[in-house]
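Worksheet: one structure, shown below.
Both ligands and their constituent atoms are indexed starting at 1 by order of listing. Note that the coordinates shown come from a computational prediction; the quantities given were computed from them, not determined experimentally.
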Amino acid sequence: MADNKFDVIIIGAGPAGYICAIRAAQLGLKTACVDAFKGKDGKQALGGTCLNVGCIPSKALLDSSKQFWGLSHNLPTHGISVENAKVDMATFIGRKDKIVKQFTGGVAMLFKGNKANPVTSYFGTGKLLKGNEVEVNGFDGSKQTLKAANVIIATGSVPIELPFAKFDGKAIIDNAGALDLDAVPKRLGVIGAGVIGLELGSVWKRMGAEVTILEALPDFLGAADADIAKAAAREFKKQGLDIHLGAKVSKAEVKKNVVEVTYADKDGEHKLSVDKLLVAVGRRAYTEGLLGDGTGVKVDNRGRIEVDEHCWTGVDGVWAIGDCVRGPMLAHKGEEEGVMVAELIAGRAGHVDYGVIPWVIYTEPEIAWAGKTEKQCKDEGVPYKTGSFPFAANGRAVAMNEPAGLVKVIAHAETDRILGVHMCGPAVSELIAEAVVAMEFKGASEDLARIVHAHPTLSEVVHEAALSVDKRALNKAN
Ligand code: FAD
Ligand code: NAD
């Protein structure tokens with residue numbers, strides 16, 4: 001095959017694109033991947049938003065800040081005191097940068113690692129042309145045209161910008177800015193009490209900033225089950241995260257080094273002065289300069305590439321996966337779409353179960369869920385029953401000094417099939433996997449209730465919540 005001819009070309013090396021490339025190469029397809037992301041050193045950094053300015057760096061800072069917060073808020077309960085604890089910001093941020101480099105470099109190694117069929121990597125922007133050609137404008141000034149039977153678009157997403165609070169990278173920042181501050185801001189304002197607002201707001205709150213979050217909607221965490229959102233909101237309030245619901249922001253002016261924010265809620269108009277303003281109001285699919293004339297690829301009214309349930313665009317040999325298409329903007333959703341498309345191209349079966357994609361919010365307590373909420377069951381007229389169990393009645397959680405939160409299981413009222421599992425509490429980012437497996441195997445709450453769970457573990461809360469569906473929890477009154 002000529003050097004510029006491939007079986008598969010992937011545009012974008014975020015988790016959707018790079019996983020797709022690795023799977024395609026494993027399946028023996030000659031694969032190229034074009035990516036434009038530049039790391040802090042200006043060099044190519046594979047892994048997209050997730051590895052560079054998303055999942056991994058945010059979890060690194062969440063962990064560092066949890067350690068710091070624990071010195072004053074957890075250790076004293078254990079009878080341990082630490083005086084004059086200090087933070088070295090260069091090490092705090094540097095640790096995160098090292099982790100990012102390890103994993104972005106890891107993707108480059110994985111591309112080369114399949115010795116029999118390595119993935120060819122291009123550093124530049126890719127543009128889809130008619131007839132499954134991809135024009136690559138390299139950052140070294142080169143320009144070339146590649147051709148493949150199949151092209152997969154995996155160009156991801158970017159933060160939504162508010163017209164009255166444009167990112168300046170200094171005072172008004174996005175996720176990348178909030179992951180790279182050189183000092184703890186005295187006052188941090190956040191627009192949007194969504195996943196990024198809560199996670200990055202928590203990081204800087206734990207490090208000592210006063211954090212005020214302005215959320216336009218009247219309900220807190222509307223996508224989560226209401227019982228879980230309520231339990232989490234109670235804990236965030238205790239931690240001092242100042243969350244204002246129903247807050248409509250109309251202005252954000254940078255005056256010297258201060259951002260003056262104007263917002264209105266049911267009590268009228270308010271002013272808020274902060275040193276940094278993080279705008280985290282959602283992300284939009286990124287397709288700028290991507291589609292040449294006459295490709296036939298369609299974009300919906302939210303700028304997302306239109307695809308069917310198999311991520312096929314409707315154009316022969318053109319597919320799209322990850323954040324640039326419909327569905328939740330989650331790394332694991334994009335990864336599974338990448339695997340599915342590679343397998344379909346290779347003539348195998350490929351499938352993603354969009355009904356059981358877990359969500360995790362890495363706050364303290366953590367929040368996690370899979371499947372339907374109670375409100376969704378009500379709205380859809382699905383007959384259901386619920387059971388729940390608090391971490392406060394679990395020996396392990398109390399021994400860890402992390403008793404906040406609960407697990408709630410929703411099962412079909414007639415068949416007992418698990419419809420949804422919702423969690424708020426310690427390590428629920430890991431516990432949710434049990435629920436996902438049970439749901440994928442079409443399990444009933446009775447199945448979870450009959451499985452032996454080790455004692456004392458946090459997983460006993462899942463067991464007890466499942467028992468509670470049938471009003472037979474053993475360590476609480478039913
Ligand atoms: P991206 O990761 O956005 O990658 C797209 C890549 O394509 C980029 O490298 C981009 O430069 C490149 N590209 C775009 N256009 C072109 C072009 N024309 N030519 C060449 N290259 C191009 N999700 C989770 O599941 N768990 C988490 O804990 C989590 N935490 C997050 C924390 C933050 C702060 C943020 C911002 C996001 C987080 N996410 C998390 C979401 C997750 O990062 C995204 O869902 C995921 O990165 C999407 O993967 P993707 O491959 O579709 O796109
Ligand atoms: P989000 O959709 O989670 O939250 C945005 C919030 O901003 C919403 O609550 C929305 O009501 C609010 N909002 C919108 N416009 C507003 C306005 N003008 N004023 C005040 N509030 C406003 O979006 P995000 O937090 O920016 O994160 C983007 C996406 O990235 C997430 O939806 C998720 O898919 C992904 N992500 C995932 C994780 C994770 O899995 N742990 C972590 C971070 C990001």
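In summary, of the residues considered (Ile11, Val136, Ile9), a side-chain contact (heavy atoms from CB on, under 4.5 Å) with Tyr122 occurs for Val136 alone. The side-chain contact (heavy atoms from CB on, under 4.5 Å) test with Trp319 singles out one residue from Val297, Ile305, Ile345, and that residue is Ile345. When each of Val428, Leu431, Val407 is tested with Leu458 by the rule side-chain contact (heavy atoms from CB on, under 4.5 Å), just one qualifies, namely Leu431.
For Lys101, the NZ atom is loosely surrounded, since the number of other residues' heavy atoms within 6.0 Å does not exceed 12. No more than 12 heavy atoms of other residues, nucleotides or ligands lie within 6.0 Å of CG in Asp316, so this atom counts as exposed by the packing criterion. Heavy-atom contacts from other residues, nucleotides or ligands closer than 6.0 Å to NZ of Lys372 number 12 or fewer.
The distance from ligand 2 to the heavy atoms of Leu214 drops below 4.0 Å at these ligand atoms: 20 (C), 21 (N). Residue-ligand proximity, Glu199 to ligand 2, at heavy-atom distances under 4.0 Å covers atoms 39 (C), 41 (N), 42 (C). For ligand 2, the atoms sitting less than 4.0 Å from at least one non-hydrogen atom of Tyr362 are 41 (N), numbered in the order shown with element in parentheses. Ligand 2 places these atoms under 4.0 Å from at least one heavy atom of Leu217: 11 (O).
Of the protein's heavy atoms, Leu162 CD2, 3.9 Å lies nearest to atom 18 (N) of ligand 2. Closest protein heavy atom to atom 25 (O) of ligand 2: Ile196 N, 2.9 Å. Summary of contacts: the protein heavy atom closest to atom 7 (O) of ligand 2 is Gly192 CA, 3.3 Å. Summary of contacts: the protein heavy atom closest to atom 38 (C) of ligand 2 is Val195 CG1, 3.2 Å. Looking from atom 29 (C) of ligand 2 to the surrounding protein, the closest heavy atom is Arg283 CD, 4.0 Å. Of all protein heavy atoms, the one closest to atom 32 (O) of ligand 2 is Trp359 CH2, 4.1 Å. Looking at atom 34 (O) of ligand 2, its nearest protein heavy atom turns out to be Met329 O, 2.6 Å. Given atom 19 (N) of ligand 2, the protein heavy atom at minimum distance is Ile191 CG2, 3.4 Å.
Side-chain N/O atoms of Asn74 and Trp69 include no donor and acceptor closer than 3.5 Å. Side-chain contact, Asp353 with His351: no donor N or O sits under 3.5 Å from an acceptor N or O. Side-chain contact annotation: Arg284 with Ser157, donor-acceptor N/O pair under 3.5 Å absent. A side-chain donor from one of Tyr354 and Glu337 sits under 3.5 Å from a side-chain acceptor of the other. With hydrogens and angles left out, the side-chain atoms of Thr145 and Glu135 include no donor and acceptor closer than 3.5 Å. Side-chain atoms of His270 and Asp265 include a donor-acceptor pair closer than 3.5 Å.
Among Val360, Ile367, Val281, the residue whose heavy atom sits closest to atom 41 (N) of ligand 2 is Val360. When the options Lys248, Glu215, Glu366 are ranked by their closest heavy atom to atom 6 (C) of ligand 2, first place goes to Glu215.
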*Please walk me through it: do Asp275 and Lys186 pass salt bridge (Lys or Arg N to Asp or Glu O under 4.0 Å)?*
CA-CA 7 Å; Asp275 304 300; Lys186 189 168 176 316; over 6 Å; no
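Proximity of Tyr263 to ligand 2 is not established, as no heavy-atom distance is less than 4.0 Å. Within the 4.0 Å heavy-atom cutoff, Ala280 counts among the residues contacting ligand 2.
At a 3.5 angstrom cut-off on N or O pairs, Gly282 counts as close to ligand 2. Where the criterion is an N or O separation shorter than 3.5 Å, residue side chain and backbone included, Ala216 meets it with respect to ligand 2.
Under 4.0 Å is where a charged nitrogen must lie from a carboxylate oxygen, and between Asp63 and Lys59 no such pair does.
Looking only at side-chain heavy atoms (C-beta outward), Asp35 and Gln44 come within less than 4.5 Å of each other.
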Write out each pair where an N or O from ligand 1 and one from the protein are under 3.5 Å apart, with the distance.
residue: ligand 1; atom: 2 (O); partner: Thr49; partner atom: N; Å: 2.9
residue: ligand 1; atom: 3 (O); partner: Thr49; partner atom: OG1; Å: 2.7
residue: ligand 1; atom: 7 (O); partner: Asp35; partner atom: OD1; Å: 3.4
residue: ligand 1; atom: 9 (O); partner: Asp35; partner atom: OD1; Å: 2.8
residue: ligand 1; atom: 9 (O); partner: Asp35; partner atom: OD2; Å: 3.2
residue: ligand 1; atom: 18 (N); partner: Gly126; partner atom: O; Å: 3.0
residue: ligand 1; atom: 19 (N); partner: Gly126; partner atom: N; Å: 2.8
residue: ligand 1; atom: 21 (N); partner: Ala36; partner atom: N; Å: 3.2
residue: ligand 1; atom: 23 (N); partner: Ala331; partner atom: N; Å: 3.4
residue: ligand 1; atom: 25 (O); partner: Ala331; partner atom: N; Å: 2.9
residue: ligand 1; atom: 25 (O); partner: His332; partner atom: ND1; Å: 3.2
residue: ligand 1; atom: 28 (O); partner: Lys59; partner atom: NZ; Å: 2.7
residue: ligand 1; atom: 30 (N); partner: Lys59; partner atom: NZ; Å: 3.2
residue: ligand 1; atom: 45 (O); partner: Asp323; partner atom: OD1; Å: 2.8
residue: ligand 1; atom: 45 (O); partner: Asp323; partner atom: OD2; Å: 3.3
residue: ligand 1; atom: 45 (O); partner: Met329; partner atom: O; Å: 3.2
residue: ligand 1; atom: 45 (O); partner: Leu330; partner atom: N; Å: 3.3
residue: ligand 1; atom: 45 (O); partner: Ala331; partner atom: N; Å: 3.4
residue: ligand 1; atom: 47 (O); partner: Cys50; partner atom: N; Å: 3.3
residue: ligand 1; atom: 51 (O); partner: Pro15; partner atom: N; Å: 3.3
residue: ligand 1; atom: 51 (O); partner: Ala16; partner atom: N; Å: 3.0
residue: ligand 1; atom: 52 (O); partner: Asp323; partner atom: N; Å: 2.9

